[in-house]
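Here's the structure, in structure tokens; my notes come after.
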Amino acid sequence: MFNLKGQNSNGRRGELVTPHGMLQTPFFMPIATKASVKTLSSFDIEQLGSPIVLSNTYHLWLRPGMDVMKEMGGLHRFMDWHDAILTDSGGFQVFSLSGLRKLTEEGVEFQSHIDGAKMMLTPELCMQIQRTIGSDICMVLDVCTELPAKPGEIERALELTTRWAKRSKDEFERTREESINPGALLFGIVQGGTDLELRKRSAQELVDIGFDGYSIGGLSVGEPFEEACRVLEALDSILPKDKPRYFMGGAQPHEIVGYVQRGIDMFDCVLPTRNARHGTLYRFVHDDLSRPDFYEMIHATNEKYKYSKDVIGSEGELSRYTMGYLRHLFSVNEMLGMRLATMNNVKFYLELMEKLRKTIEA
RNA sequence: GGGCAGAUACCCAAGCGGUCAACGGGGACAGACUGUAAAUCUGUUGGCUCCGGCCUUCGAAGGUUCGAAUCCUUCUCUGCCCA
């Protein structure tokens, strides 16, 4: 259930109720693709204050596999995570593993990137897997296309996504009662590339089917920020006001500000966690989020931090260590460096969302 | 004292007459990363540059040659073996 509490030029402010807690929107989800936010424990994420993490159907399906997931009582118990979980469907892997899959009406035939085994992921199986995982917010299996795409490809992907969305919803309802998490939500995924007419069509078809929320997929795949904004603006009047809107896969902090202004309620992105592992840290520079330079990205590995006694962050664990120490950890490839950087960046994104929520309320 | 092997850029290490400012690693430096096949990938790593080149380099000093990191001589240093 979604409760839109207010809306203005700064964005939408709401509450999303899931079986594992009520989430204040807009919010950001750290990514735990393979049942772990890389380098962090569930305890760490709790400490950092995230009420939700995102995991992945395709990856958990391959490993540990659904027999393990079933035996261990679902992902919440498996990773000892007590708050909400959203699972992506594997639709992004249609894009990122495009060399290893074949699309048919029936579903996606993946050639496992691990052992090469051929595995068929259908919209129905995708729902069953997410039910077994015990996800709170499930995604329909969609077809995420690359940009630019060959003529007709975006349209075909969109149409297939819609047909799969219908099948997904039917299967989602069919499996509700037997599920370990019957109160889970199901989101449809809007496709259509950067073609506004296709986008509107995709959204309308999904709205006709009816979902608990609407994801905007197929963005953050290389298109310019302005182009993504146009898509969001085109969708605004079609997507129901009383349902949450989820921008899949993005973005950089200043882009998130722009997307929130255009009505987005939910985000996820690998940038904070991946960048952290690669030594790039986010930090606030100004309080005014309308300034494009309200934050900076620094390379902790840079020589200029060699003798730096500045602490990494202002509070908690991060206030105990210097940039000089962090730089050292990265130079000698000590895992703690990646962990501290990840904590810093996840904290940054969570704080960004907190600031945005306050901006809307003000 | 004698014999053999070797000395190449920050380190290791190719090269054995011209296409060599010198392969490949490592290190160092810089950058990229957007629903995670990602602790990954890319670039730079002698100096100067009007970006066409120019200059100085392969232990040292001489020499041979049109031309040497590559061949010769001597020296210095290192390792191994024999006395």
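Every chain is numbered from 1 and lettered A, B, ... according to where its sequence line falls, protein lines coming before strand lines. The figures here come from the full heavy-atom set of this structure, side chains too, leaving out hydrogens, waters and symmetry mates.
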So, do His278(A) and U40(B) meet the stacking rule of ring centres under 5.5 Å and planes under 30°?
yes
In terms of side-chain heavy atoms of Leu54(A), which of C33(B), U34(B), G35(B) is nearest?
G35(B)
Hey, is the side chain of His299(A) poking within less than 4.0 Å of OP1 or OP2 on C29(B), counting only N and O atoms?
no
Mind telling me whether Phe92(A) and Phe95(A) have parallel, tilted or perpendicular rings, with 30° and 60° as the class edges?
tilted
Validation row, ring centre His278(A) to ring centre Phe330(A) under 6.0 Å:
no
Which residues in residues 181-195 of chain A have a heavy atom closer than 4.0 Å to any atom of RNA chain B?
Ile189(A), Gln191(A)
Among the nucleotides G35(B), A38(B), A37(B), whichever has the atom closest to the side chain of Arg277(A) is A38(B)
P atoms of G18(B) and U70(B), separation to the nearest Å:
11 Å
Would you check if the distance from the ring center of His76(A) to the ring center of His20(A) is below 6.0 Å?
yes
Using only side-chain N and O atoms of Asn302(A), determine if any of them is under 4.0 Å from OP1 or OP2 of C29(B).
no
Ring centre gap for Phe348(A) and Phe28(A) strictly below 6.0 Å
no
Closest approach to the side chain of Arg327(A), judged atom by atom: which nucleotide of G35(B), C29(B), A39(B) is it?
C29(B)
Non-hydrogen side-chain atoms of Asp293(A) and His286(A) separated by less than 4.5 Å
yes
Over 60° means perpendicular and under 30° means parallel, so classify the ring planes of Tyr246(A) and Phe187(A), tilted if in between.
perpendicular
What interatomic distance, in whole Å, is found between C1' of C82(B) and the corresponding atom of C72(B)?
28 Å
